There are 2 protein chains.
Amino acid sequence: MAANSQFSMALHVLAYLAMTGDENVKSDCIAESVNTNAVVIRRLLGQLREAGLVRSQTGAAGGTRLSRPPQELQLCDIYKAVCDGKVFALHARTPNPECPIGRNIEAVLSELQSAIDRSVVERLGEYSLADILTMVEHNSFKDAWSV
Amino acid sequence: MAANSQFSMALHVLAYLAMTGDENVKSDCIAESVNTNAVVIRRLLGQLREAGLVRSQTGAAGGTRLSRPPQELQLCDIYKAVCDGKVFALHARTPNPECPIGRNIEAVLSELQSAIDRSVVERLGEYSLADILTMVEHNSFKDAWSV
DNA sequence: TGAAATGTAACTATACTTGTTACAGATGGC
DNA sequence: GCCATCTGTAACAAGTATAGTTACATTTCA
């Protein structure tokens with residue numbers, strides 16, 4: 001229970017909603033598919049809702065559905081909705097400013113961090129939720145992720 | 001104290017070793033620059049040594065130095081030496097195999113994970129430790145990381 | 001009004017990272 | 001040979017993030 005599986009769960013949840021189409025889906029149903037607790041799902045849906053990716057209704061007959069068709073949901077939007085988007089972290093403590101390296105390394109690392117994070121987002125932007133759904137339904141992912 | 005700053009520390013340490021050149025550097029000196037404990041540095045150096053990026057000598061007058069010139073140390077090698085290289089994690093629990101999504105999503109996510117991780121490594125492979133040292137020394141990182 | 005759903009707070013268990021102390025082993029200088 | 005000095009590593013503490021769980025207020029429809 002350590003690394004961040006939020007993105008994986010989010011894709012699972014959204015693929016499920018894409019499959020069910022334009023109807024309210026209960027968090028219990030999703031939780032059963034993901035094999036976790038319904039509250040975990042509702043927490044995740046909360047982030048997706050904030051990002052405008054899904055809509056929810058409270059009350060009886062309530063539930064959640066996609067706010068846009070799967071073709072219009074890019075993976076980078078999903079990633080940004082549930083992750084902080086940092087591939088690596090900067091120093092925990094600020095380095096020694098009296099050292100020539102320590103004085104300047106943070107600025108350089110920060111730029112590098114931005115560049116790497118940006119490349120991840122760009123790569124994820126090449127695919128939509130519809131692509132994921134297609135691959136899941138056909139179970140044919142071979143050759144799908146162009147190298 | 002949560003996210004992984006190993007890669008940042010590794011770049012700092014290696015930049016320091018690149019600056020000092022071909023001499024044995026004590027973990028105490030590096031620790032002072034990074035602003036942490038010498039044991040933390042020695043632990044990190046252990047991983048870099050396993051990956052063949054540095055050499056160490058025990059005993060008095062011992063220390064650590066680069067095993068190759070900075071131009072030949074690619075950032076992707078450093079990344080792979082100290083990180084597991086996963087931008088995101090897969091499900092904590094295996095999804096429900098009786099659900100059409102749950103049954104196939106893991107394979108698709110695994111492929112996606114590989115593709116994203118690969119793109120990070122490729123991006124990091126565009127730079128060497130010498131590039132980092134140059135940027136740190138000149139403190140001119142603007143425009144350095146081509147978008 | 002009541003059943004059924006969401007939204008959210010609170011708590012626990014687990015695991016990872018970092019920092020720290022302690023000490024065995026290696027090495028070079030005297 | 002002895003000793004100061006360094007590495008390598010085990011062991012432990014502290015802080016923090018994720019995930020799982022229980023509980024409950026709130027909303028909504030029939």
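Every chain is numbered from 1 and lettered A, B, ... according to where its sequence line falls, protein lines coming before strand lines. For clarity, every value in this text was computed on a predicted model and none was experimentally measured.
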Determine, step by step, whether B:Val25 and B:Thr64 satisfy the side chain to side chain contact (heavy atoms under 4.5 Å, CB included) criterion, reporting the C-alpha distance in whole Å, the side-chain angles of both residues, the deciding distance to 0.1 Å, and the verdict. CA-CA 5 Å; B:Val25 181; B:Thr64 306; 5.6 Å; no

Distance test, side-chain N/O of [X] to OP1/OP2 of [N], below 4.0 Å:
X	N	value
B:Ser5	C:dT17	no
B:Gln6	C:dC16	no
A:Arg42	C:dG7	no
A:Thr36	D:dA19	no
A:Ser27	C:dA5	no

Can a donor-acceptor pair be found, under 3.5 Å and without considering hydrogens, that links the side chain of B:Asn24 to the backbone of B:Ala61?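 At least one qualifying donor-acceptor pair exists.
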
If you pin B:Arg93 and B:Val25 to their nearest nucleotides in DNA chain D, which one's is more 5'? B:Val25

Closest-nucleotide 5' rank along DNA chain C - winner of A:Ala61 and A:Val39: A:Ala61

Heavy atoms only, 4.0 Å cut-off, all strands: where does [X] land among base, sugar-phosphate and nothing?
X	result
B:Thr64	nothing
B:Gly63	sugar-phosphate
B:Val34	nothing
B:Arg43	base

Nearest-neighbour nucleotide for the B:Val40 side chain, C:dA3, C:dT20, C:dT6 considered: C:dT20

